[in-house]
Engineer: 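Once you've had a glance at the structure underneath, I'll fire off some questions.
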Amino acid sequence: IGLAGISSSASAAPEGLEPNTYEEITSYNNYYEFGTGKDDPAKYADALTIEPWTVEIDGMVDKPGAYAFEDILKAMTIEERLYKFRCVEAWSMVIPWNGFELADLLNMAGVQSGAKYVAFETALRPDEMPGVAYPVLDWPYVEGLRLDEAMHPLTIMATGVYGKDILKQNGAPLRLVVPWKYGYKSIKSVVRITLTDTQPPTSWNKANAREYGFYSNVNPTVDHPRWSQATERAIGSGLFSKRIETEMFNGYEEDVAALYAGMDLTKDT
Amino acid sequence: MAHIVDQVNGFVRKVPTWPVYILCVLPVPWLLYLAQTGGLGVEPIRALEHELGQIALQLLIAGLTITPLRRYAGLNLLKFRRCLGLMAFLYVSLHLLVWLVLDIGILSQIWADIIKRPYITIGMAGFLCLIPLAVTSNSYSIRKLGPKWRSLHKLTYLAVILGGVHFIWLVKGFQPEPLLYMAVILGLLALRLPKRRKRQPI
């Protein structure tokens, strides 16, 4: 996944984004399978075996099966996407991802007409993941998107950062990135993708439905019950920096607001 | 065992308390140095806030061990209790200050957080409990208040429980660390429950 495979960016990302440093992106992570500390993933994720890696694509698809990661890569076009990443904990980064559109992968498997949702699952390897010894969440980590969200051109499967293979603490070898949603929707180290006609369960929603909705769109006007979402801290801005205002849909409102037309976003959170 | 305890008690009688104050304050410049130089990671504000809060809770818990250590092990560390309490107050104050000034820094949001976010409300309540304790921690107040001083300083129990709940409530998911703190707090408080059988009939 070197730079050679990267074509020009097709994203309509907010203008003037300054990417965070590689060090920042790879040292401050939430990946609870490796521990709840921000530095735990960088410390412990190295134990994860990512070769070989297969992604099971099943459910309402024409060509279900176990897809080898290399075969997926060969069939996809890797692009660079500079995206804002907003965590539900009210911090944000700007990350130059490399990856391909999820729509391309789903089209490769052939989405059947009745499918309405896409479910995702993270690898669960108790021998390699010290964090899963604790019931912080109901393992394995699962996430889900509505099909139109999954097919949106901004939704990518990332395989790299700064033109290098994505590191394990960032979700190697491939992870979802949905830039207008809180970070936990962007599930890491994906081993299963299931097309379904019913809304799939999602890990944080199962853990605390009052605090984490299925959609989890970045929305400064709807607070998390325990903290405000109106502002965020830009990682790397230093000890004396001011918080910045959080934007509706994390700044991608023009691109994605239409997906939620007619919905009450204070209720469908 | 009793011999060792006697030796420790003898040693404790001889050492002054000021080195303990210095020892307890040392992490403050160290943490500030780390925060400035990248030693606390790429998000130093949150790390600083967390470290200060955690040390405060540890000092409050250390203060709670003094009485059971004396009662059950015969170890007399009473002379350090004021220091532990005052240092806990210092760390809670710094924790609050980092949150107010460095973390949020927006007055309207600070106020909204205090009244709307239960874990912050609880943390603030814990801080408020500690204020009268810090103010009356001097020998003059102990003499002046007499038996009332002891009753007043039972507020520590409430403050430390509020601190423990604050910690449990602020983390995401079911995390073991804050629960462990709470278990230790409740265990130390349980040791203080009166044993009914031993009470003298009036």
Side-chain angles (χ1 to χ4, degrees), chain A residues 20-30 32 35-40 42-43 87-93 131 133-139 141 182-184 203-204 206-208 211-212 220 223-245, chain B residues 29 31-52 54 94 97-124 165-181:
Chain A
N20 279 86
T21 65
Y22 191 68
E23 158 76 13
E24 286 159 358
I25 295 165
T26 57
S27 71
Y28 193 80
N29 309 102
N30 277 329
Y32 281 9
T36 52
K38 293 285 179 288
D39 51 351
D40 285 339
K43 270 192 243 167
C87 180
V88 73
E89 296 164 0
W91 55 263
S92 64
M93 287 197 202
Y134 306 97
V136 179
L137 287 168
D138 179 15
W139 314 111
Y141 196 90
Y182 293 120
Y184 61 85
S203 283
W204 281 103
K206 280 196 289 180
N208 194 337
E211 297 189 350
Y212 308 99
D223 286 340
H224 182 280
R226 286 183 284 150
W227 53 81
S228 167
Q229 295 292 21
T231 60
E232 66 204 40
R233 178 159 313 284
I235 296 295
S237 56
L239 199 53
F240 302 102
S241 62
K242 289 263 170 290
R243 297 171 80 90
I244 55 175
E245 305 233 322
Chain B
L31 286 170
L32 289 174
Y33 167 77
L34 288 179
Q36 279 288 7
T37 54
L40 292 181
V42 297
E43 221 294 51
I45 296 172
R46 195 192 168 100
L48 195 60
E49 195 174 275
H50 186 86
E51 290 293 330
L52 291 168
Q54 200 151 344
L94 290 174
L97 202 65
V98 169
W99 178 71
L100 287 173
V101 178
L102 297 182
D103 190 353
I104 307 294
I106 305 162
L107 261 178
S108 58
Q109 195 175 328
I110 288 167
W111 185 242
D113 276 352
I114 291 173
I115 54 174
K116 273 167 72 182
R117 323 271 165 230
Y119 85 90
I120 293 176
T121 315
I122 280 178
M124 281 303 293
V165 173
H166 172 70
F167 190 16
I168 292 175
W169 214 335
L170 70 89
V171 300
K172 281 162 57 208
F174 185 79
Q175 295 190 24
E177 197 187 7
L179 294 172
L180 192 68
Y181 272 81

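Note that this is a predicted model, so its numbers are computed, not measured. Reminder, nothing fancy here: chain letters follow the sequence lines and each chain counts from 1.
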Engineer: Answer with side chain, backbone, both or neither: which region of A/Asn30 has an atom nearer than 4.5 Å to a non-hydrogen atom of chain B?
Structural biologist: side chain
Engineer: Which atom names give the shortest non-hydrogen contact between B/Pro178 and B/Val171, and what distance separates them?
Structural biologist: CG-CG2, 3.9 Å
Engineer: Counting distance only, does the side-chain N/O of A/Trp227 pair as donor-acceptor with the main-chain N or O of A/Val88 below 3.5 Å?
Structural biologist: yes
Engineer: Which bit of A/Leu239 is near chain B, if near means a heavy-atom gap under 4.5 Å: side chain, backbone, both or neither?
Structural biologist: both
Engineer: Name the region of A/Arg226, side chain, backbone, both or neither, that has any atom closer than 4.5 Å to a heavy atom of chain B.
Structural biologist: both
Engineer: When only pairs under 4.5 Å are counted, which of B/Gly105, B/Gly173, B/Ala47 shares the most heavy-atom pairs with chain A?
Structural biologist: B/Gly173
Engineer: Looking at chain A, which one of B/Phe174, B/Trp169, B/Tyr119 has the largest number of heavy-atom pairs inside 4.5 Å, strictly under?
Structural biologist: B/Phe174
Engineer: Is A/Ser27 reaching over with its side chain to a backbone N or O of A/Glu23, donor-acceptor style, under 3.5 angstrom?
Structural biologist: yes
Engineer: Quick one: which of B/Glu43, B/Arg46, B/Glu177 has the most heavy-atom pairs under 4.5 Å with chain A, could you say?
Structural biologist: B/Glu43
Engineer: Pick one of side chain, backbone, both or neither for A/Ser228, based on which atoms fall under 4.5 Å of a heavy atom in chain B.
Structural biologist: both
Engineer: Hey, which of A/Trp91, A/Trp204, A/Tyr212 has the most heavy atom pairs under 4.5 Å with chain B?
Structural biologist: A/Trp204
Engineer: Spell out, as yes or no, whether a donor-acceptor pair under 3.5 Å connects the side chain of A/Tyr182 to the backbone of A/Ala90.
Structural biologist: no
Engineer: Are a donor atom and an acceptor atom from the side chains of B/Gln175 and A/Thr36 found within less than 3.5 Å of each other?
Structural biologist: yes
Engineer: With a 4.5 angstrom heavy-atom cut-off, is it the side chain or the backbone of B/Leu40 that approaches chain A, or both, or neither?
Structural biologist: neither
Engineer: Do the side chains of A/Glu89 and B/Lys172 get close enough for a salt bridge, i.e. N-O under 4.0 angstrom?
Structural biologist: yes
Engineer: Looking only at non-hydrogen atoms, find the nearest pair between B/Leu52 and B/Leu31 and report the distance.
Structural biologist: CD2-CD1, 4.0 Å
Engineer: Mind ranking B/Pro176, B/Gly41, B/Ala112 by heavy-atom pairs under 4.5 Å with chain A and telling me who comes out on top?
Structural biologist: B/Pro176
Engineer: Please classify the contact of B/Pro44 with chain A as side chain, backbone, both or neither, using a heavy-atom distance under 4.5 Å.
Structural biologist: both
Engineer: So which of B/Val98, B/Val101, B/Leu48, B/Ile104 has the largest heavy-atom pair count under 4.5 angstrom toward chain A?
Structural biologist: B/Ile104
Engineer: Quick one: does any side-chain atom of A/Glu24 pair with a main-chain N or O of A/Thr21 as donor and acceptor, under 3.5 Å?
Structural biologist: yes
